[in-house]
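What follows is a single structure, written as structure tokens, with notes after it.
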Amino acid sequence: MEMIGHGGKPLVEQVITDKDQARKVIKDLKTMPVSRQMATEAIGIAYGFFSPIEGFMKKADVEATCKKMELADGTVWSIPIVYDISDQEIADYKIQQGDKILLTYDGNPLAIFDIEEIYTYDKEGMAQDVYGTKEEKHPGVKRTYAYKDKFLGGKITLVNEPKIREPFTSYFLTPRQHRELFTKKGWQRIVAHQTRNVPHSGHEWLMKHAYIAAHGDLPVEQQETLEGRAISGVLVNCIVGEKRTGDYIDEAIVLCQDELRKSGYFRNDIHMVTMTFWDMRYAGPREAVHHAIIRTNLGLTHHMFGRDHAGVGTYYHSYQAHHLLMSIPKEKLNITPIYVLEWAYCPHCGEVTCVGLCGHHKELQKFSGTKIRSIIMDEVKPTRLIFRPEVFDVVMECSKKYGFGSPFVTTQYLEQAKPAFSIEPL
Amino acid sequence: MAETFPINIWINEERFNALKNAGLADLLKEELAGMKVLIVPCTASQRDKILELYPMAKFDAATTKSIELLPKAVKDQIYNLVVEKKSMEVMDEFIKSVAKS
């Protein structure tokens, strides 16, 4: 059955699953090794996470993305997906327009790249358009300035599917697999929670808020009270990608999010955790649009957006992402945003509450993810109203098992942790 | 009064008892459903100096306006100074001591 993705277009699936056929089509192709980032983006393109994009962008799409926040054909698109390359590499690998190149990762075949265009682009202009700043201290701008001088555009076809390592194996689903699982579960409404964090109670309540909001117009008879009969759910889709020191390690993020369900803070049949490979750009509002696009492709109907979605520092206003999403005509984004205020602890109420509901404004205690990370770094166990004890135990287990003694990314983790996926010999 | 930017030093039970026995429990605040915290204030220039000395630390400009993610060993030194001086105004001395070493 044809699946429809972002922009009302068929979900992209460019994967050769038959190994014999794959070996045949790559025979005699020129090869070029790719970095982890390019490998994950090639994988993302081929499985359709970035539908309707079929490959690394050509100049017309990059230009339209930067200037108008859409693809050349008018489909909403907010972040350029580009393959950068130096003149030296073009010469070394003898790359010409019209070539078919075999991209390799870890020395093994990964994907065929049809080189449809070789072009240049003004990186400073790209940074300004996408991130709203040219300051190199913005991590997305820094990444843009680090691009090499040329770009390759063209279609990607995966010839060798990634092997996902434990503990991530069961959490990686392609867009098709997400949709098949939702059908099996009988979920008709699914709300996304975008995360790169271990959950504290503020996150938990954001998810609960979004779940309830996504149901608001349904008859109560359809809001099933019996476990196993839910018609809607929360999908926690963890972003797994480039890490910076001080971030939570990916293993802790995925396993701790799942612990909320395992420990009963969410019912088994309404909560699910998966992951998507993506290097955060911290593009704030534009990244929020990108997240909405990815989750549309996963088959979700709703997406929760909170305060400072995908922002960094003080580059964006707290709710700038909401305003950008609101400016997009509904028919151009096939997912319903759910805008939520933050949740905080109120000592007067003795509970975690929505800052938009509680009247004890001066008493509210905000607990940012950064603050909670500081508590854990101080080796102090947070109170259960703030951070679920079962989640804390999983954080500590992950620290020992995967983090070389720390639940946070350290230099040792960056140097020695195994990537979440590998490409095996074909 | 000029705005200050806190360093939060979270206190476990063992340290809480030690502070109580030393008569310093009044220095603590209670936050987040019963957690004990020493809130050590920094001026804007002290904050900038700390962020320069410890690049892994982060100023949470968006939510709490506090300096977070300082290594535990650093916070331990600040904690020890607070206990020794029986005062929260220790950041100048702390920065000087780090700059010397």
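In what follows, chains are A, B, ... by sequence order, proteins preceding strands, each numbered from 1.
Using a 4.5 Å cut-off between heavy atoms, I375(A) contacts chain B through both its backbone and its side chain.
Among P382(A), G350(A), G313(A), G311(A), the residue with the largest count of heavy-atom pairs under 4.5 Å with chain B is P382(A).
For the atom pair CZ (F408(A)) and CG (L69(B)), the distance works out to 7.0 Å, reported to the nearest 0.5 Å.
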Polar contacts chain B-chain A (donor-acceptor, d < 3.5 Å, no H, no angle):
from: W10(B); atom 1: N; to: D378(A); atom 2: OD2; distance (Å): 3.0
from: E31(B); atom 1: OE1; to: K371(A); atom 2: NZ; distance (Å): 3.0
from: L32(B); atom 1: N; to: Q365(A); atom 2: OE1; distance (Å): 2.5
from: L32(B); atom 1: O; to: T383(A); atom 2: OG1; distance (Å): 2.8
from: K58(B); atom 1: NZ; to: T370(A); atom 2: OG1; distance (Å): 3.4
from: D60(B); atom 1: OD2; to: S368(A); atom 2: OG; distance (Å): 2.7
from: A62(B); atom 1: O; to: R307(A); atom 2: NH1; distance (Å): 3.1
from: A62(B); atom 1: O; to: R307(A); atom 2: NH2; distance (Å): 3.0
from: T63(B); atom 1: OG1; to: R307(A); atom 2: NH1; distance (Å): 3.3
from: E68(B); atom 1: OE1; to: S374(A); atom 2: OG; distance (Å): 2.6
from: L69(B); atom 1: N; to: S374(A); atom 2: OG; distance (Å): 2.8
from: K75(B); atom 1: NZ; to: D378(A); atom 2: OD1; distance (Å): 3.1
from: K75(B); atom 1: NZ; to: D378(A); atom 2: OD2; distance (Å): 3.0

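Applying the ring-ring contact (aromatic ring centres under 6.0 Å, His included) criterion to F59(B), with sequence neighbours excluded, gives F5(B).
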